[in-house]
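Both backbone and side-chain heavy atoms feed into the values below; hydrogens, waters and symmetry mates do not.
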Amino acid sequence: MFRHLFPLVVIPLIAMPVSAQTDQPMSTWQNPPEPITSMLDVAPLPAVSISRDNQWLVELERRALLPISELSEPWLAIAGTKINPNTWGPAQEGSYKGLTVRRLGTLESTPIHLPPDARIRNLRWSYDNRYLAFTLTQADGIELWVLDVAEAKARPLSGPLLNGVYNSPCRWLPGDEGLICKVRPQGLGVPPTEPKVPVGPVIESSQGRVAATRTYTNLLQSPHDEALLEYYFSSQIAHISLDGEITLLDDPSLLRNVTVSPDGQWLLRSTVHRPFSYQVPLSRFPVRYEVLNRQGEVVHELADLPLADDIPIAFDSVRQGKRGIGWRTDQPATLFWTEALDGGDASNEAEHRDGLYTLAAPFDGEPTELWRSTLRFRGVTWSTEDFAVVTEAWYDSRQLKAWSINLGQTASEPVLLDERDFQNAYANPGSPVLMPGPYGRSVLMLSEDGKSMYLNGGGASPDGVFPFLDRLDLTSLETERLWQAEGDVFSRITRLLDANAENIIVRRESQTSPGNYHQLMLSSGEEKPLTEFVDPLAWYADVQKEIVRYPRADGVTLTATLYLPPGYNPATDGPLPTVLWVYPREFKDRAVASQNTRSEYTFTRPGRDSVLFLLTQGYAVLNGPTMPIVGEGDKQPNDTYIEQLVSSAEAAVNLLVERGVSDGQRLAIGGHSYGAFTAANLLAHSDLFQAGIARSGAYNRTLTPFGFQGEQRNFWETPETYLTMSPFIAAEKINEPLLLIHGAEDNNPGTYPIQSERLYEAMKGLGGTVRYVSLPAEGHVYRSREAVGHVLWEMVSWLDDHVKGGEP
């Protein structure tokens, strides 16, 4: 809770002329100029889902921007979540609106008949690939549906009774046994009503225990919130057959998640319980893990973890006790988990950080320790052979290691497969390729002789970004390059269709062609198109896109994507008003910070509130100019944040002026979230720009005192860093016009709307030129057609007034 130091002016819907010097709002949404308005209403390209057996391809029709009426549906903030009390699902959910299905390799597809205005979510292929399960969100709840892909027909398996407020509501059983789902308990009655008269104060207490937390939103705030939690998060496990028969398996509980063993005979249930917390989200509440048989009987309690409100804020600190509990994908019914060996505190000195353990059905023996990490455990990938690949990493050093461990001989030494700075894209050998294992779950894809695995690499290099496929010999650890993208088309592998990697699926795109899928025979070069998507915004086909590289004063090489309007020539047409859209990152190595990780051959089209829409209005856009904040050795990156930030901006501006794109007099800086924070800082600490746009940012770091972004130190350890980096503290130095935009219901940690409100009040009180737009019903990212259109109108109007037509 914070008190306002100034009288607060909240502007709910703003559509007044930019030049007006008044706080009086107009309560109407505005549309941006053409052709932006028409572009916003163009249907986006579909998503693609390919069955695990590579026999079926489903196109998922994306929804266009939502109407504000949908975002304005009722919602409740409960323990760090936002739920819709009418549907018992997430509030303001994203969804698809249509499905088509066809056999892989054919271009003729069959649309699936569904109810009008369908909201499709939670898609899951059955393990035999005969069915695709999904949920439909109706006005009064969430239904379970199943698509028979061979018949191209979908049907409901349940009414609106699923509980989808937390995690996916359903999981497949093997074969045709149906699904295990979370359902709303019957007979709950009406939701708890809030007392009209408070029954007493809300009291929290700390008895000297260190329990620092980052800045969370939508937390519990009252006993009434606790009652709502116990009402809406209450679920029962149900078996739903493919005939729609529903069998309840347990009593109601605050069910967080339920997963099914690969053989389908056991269920892993996790439930939260009291004591609840008003300081941390539900993911840190006390949680109990139990194994149930198919009749719903508890056969083993694996863990009962206490409230985790005291995890240190350092990035590599974790919850004490068992974590990451799941089923091994290579075994019929074996659990695995990780457990911290250093108390979960990254600041503790320890020889080993984590242990990896397993326990097989019937879960009455002692766990087996498979491996101990020296860094923090990050993940494990199982194989059908007697080994697994494990990864460990440490944020402070950016160190990553990948190992092959022998599961049959736990005394044998692990084999080091990869060791590097995890931000070092040039040294990244690629990710292991996966395939369905004997139980339909993902395992490592091995060559037919079992002696090699495959690596799908991003292909970043000093010469460009060219994805690749390598075969790694597990004995010699030598790699063989099987395929690599080349030319002016950006390609990447999405699927291997056989164990010898002779038949693959690639996704290809270029600056003028959207990503389409192709089946390719490596030995013969024969290929077959699998999709035929066309450019939805053909206007951008003639936009000039170029990856530019340029030096910073300290020798760090920077990268940006330069976009110029169609037909523009700086030599003959002169400089353009230009917008730089930014988002800095922290590094521990100057060489790594200098790497190029983007391709100029990708298909880029604007969506939602993209800055690229400004190209239609005669602006040049320098998108994502890298602004690395480097702290090598014992130095922390943010110790010289302002100096490095300004130096990066100066280098970008110099490049634009040298190339004739800009005259240095009509430049704007903008960004979203941490980019908004950056934009405000550059206005405060430099005179490079004539105006700025800051969307959904945080500007006073004392309001996020226990860390932010990549900063792990708290405010009291380094107050000078927090104060120096806060543009709110330097508000008197922001002498250029600043447009502030914020979602009124921003639930992103650290970016409360009060951050924009307070900076607006500060600049207004100091006589600055500032405009604050608060978007009703919108969160950290803007999703409604009305709000997105209005944001783009604000941006165009602001830049036209203060950059395109403004005085130098």
Is there a donor in the side chain of [X] and an acceptor in the side chain of [Y], or the other way round, less than 3.5 Å apart?
X: Gln709; Y: Arg585; answer: no
X: Glu34; Y: Ser38; answer: yes
X: Asp542; Y: Tyr568; answer: no
X: Arg552; Y: Ser648; answer: yes
X: Thr494; Y: Arg507; answer: no
X: Gln399; Y: Glu419; answer: yes
X: His790; Y: Glu786; answer: no

Can you give me the closest heavy-atom contact between [X] and [Y], atom names plus distance?
X: Ser452; Y: Arg471; result: CB-CG, 3.5 Å
X: Phe422; Y: Ala393; result: CD2-CB, 4.3 Å
X: Ala679; Y: Ile693; result: CB-O, 3.8 Å
X: Val465; Y: Thr597; result: CG2-C, 3.6 Å
X: His518; Y: Pro529; result: ND1-CA, 3.9 Å
X: Leu775; Y: Ile741; result: CD1-CG2, 3.8 Å

Less than 4.5 Å apart, side chain to side chain, heavy atoms only: is that true for [X] and [Y]?
X: Tyr454; Y: Leu444; answer: no
X: Pro32; Y: Phe613; answer: no
X: Leu682; Y: Val646; answer: yes
X: Ile669; Y: Trp581; answer: no
X: Tyr619; Y: Asp800; answer: yes
X: Ile642; Y: Thr640; answer: no
X: Arg605; Y: Met39; answer: no
X: Leu667; Y: Leu688; answer: no

Which distance, rounded to the nearest 0.5 Å, do you find between the [atom1] of [X] and the [atom2] of [Y]?
X: Gln484; Y: Asp470; atom1: CD; atom2: CG; answer: 8.0 Å
X: Ser696; Y: Asn748; atom1: OG; atom2: CG; answer: 8.5 Å
X: Leu469; Y: Asn456; atom1: CG; atom2: CG; answer: 6.5 Å
X: Ser447; Y: Asn500; atom1: OG; atom2: CG; answer: 7.0 Å

Practice prompt. Among Glu108, Glu59, Glu532, find the residue that satisfies the salt bridge (charged side-chain N to carboxylate O under 4.0 Å, His left out) test when tested with Arg102.
Written response: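 Of the listed residues Glu108, Glu59, Glu532, the salt bridge (charged side-chain N to carboxylate O under 4.0 Å, His left out) partner of Arg102 is Glu59.
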Do any N or O atoms from the side chain of [X] and from the backbone of [Y] form a donor-acceptor pair under 3.5 angstrom?
X: Glu509; Y: Thr602; result: no
X: His742; Y: Thr751; result: yes
X: Trp798; Y: Gly692; result: yes
X: Asn681; Y: Met725; result: yes
X: Gln712; Y: Phe315; result: yes
X: Asp746; Y: Gly743; result: no
X: Ser594; Y: Thr557; result: yes
X: Arg492; Y: Gly457; result: no
X: Arg783; Y: Leu65; result: no
X: Glu61; Y: Leu99; result: no

Requested in this report: Dump the intermediate steps for side-chain hydrogen bond (donor to acceptor under 3.5 Å, both in side chains) on Trp125 and Ser49, then the final yes or no.
Outcome: CA-CA 9 Å; Trp125 287 97; Ser49 177; 2.8 Å; yes
Test: Arg481 cationic atom under 6.0 Å from Phe468 six-membered ring centre, within 45° of axis:
yes
Could I get the full list of salt bridge (charged side-chain N to carboxylate O under 4.0 Å, His left out) partners for [X], not counting sequence neighbours?
X: Asp396; answer: none
X: Asp418; answer: Arg420
X: Arg495; answer: none

Does Glu93 form a side-chain contact (heavy atoms from CB on, under 4.5 Å) with Arg121? I'd like the steps, not just the answer.
CA-CA 9 Å; Glu93 62 185 13; Arg121 289 173 50 82; 3.2 Å; yes
Evaluate the criterion side-chain contact (heavy atoms from CB on, under 4.5 Å) for residue pair Asp41 and Arg785; output intermediate values, then yes/no.
CA-CA 8 Å; Asp41 298 321; Arg785 172 62 178 80; 2.8 Å; yes
Item to complete: Walk me through it: do Arg659 and Asn654 pass the test side-chain hydrogen bond (donor to acceptor under 3.5 Å, both in side chains)?
Response: CA-CA 9 Å; Arg659 296 185 63 141; Asn654 289 339; over 6 Å; no
**Prompt:** Does CD belonging to Glu480 count more than 12 external heavy atoms closer than 6.0 Å?
**Reply:**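 Yes, the 6.0 Å shell around CD holds more than 12 heavy atoms from other groups.
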Answer with yes or no after comparing the ring centroid distance for Phe490 and Tyr601 against a 6.0 Å cut-off, counting only values under it.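 No - the distance between ring centres of Phe490 and Tyr601 does not fall below the 6.0 Å cut-off.
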Task: For His780, ring-ring contact (aromatic ring centres under 6.0 Å, His included) partners two or more places apart - done: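 Only His672 meet the ring-ring contact (aromatic ring centres under 6.0 Å, His included) criterion with His780.
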With sequence neighbours left out, the residues meeting side-chain hydrogen bond (donor to acceptor under 3.5 Å, both in side chains) with Asp663 are none
Practice item. Output all residues satisfying side-chain hydrogen bond (donor to acceptor under 3.5 Å, both in side chains) with Thr578, sequence neighbours left out; order by chain, then residue number. Key: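 By the side-chain hydrogen bond (donor to acceptor under 3.5 Å, both in side chains) rule, Thr578 matches no residue at all.
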On the 0 to 90° scale, with breaks at 30° and 60°, tag the Tyr674-Phe677 ring pair as parallel, tilted or perpendicular.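 Plane angle under 30°, so parallel.
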Report task. Could you go through the side-chain contact (heavy atoms from CB on, under 4.5 Å) check for Tyr96 and Arg63 one step at a time? Result -> CA-CA 6 Å; Tyr96 299 104; Arg63 306 181 72 198; 5.6 Å; no
message: Using the rule given for side-chain contact (heavy atoms from CB on, under 4.5 Å), can you reason through Thr561 versus Leu622, listing the C-alpha separation, both sets of side-chain angles and the distance that settles it, and then say yes or no?
response: CA-CA 6 Å; Thr561 308; Leu622 192 69; over 6 Å; no
Q: For side-chain hydrogen bond (donor to acceptor under 3.5 Å, both in side chains), just list the numbers for Thr604 and Gln511, CA-CA rounded to whole Å, side-chain angles, deciding distance to a tenth of an Å, and then say yes or no.
A: CA-CA 7 Å; Thr604 306; Gln511 289 193 12; over 6 Å; no
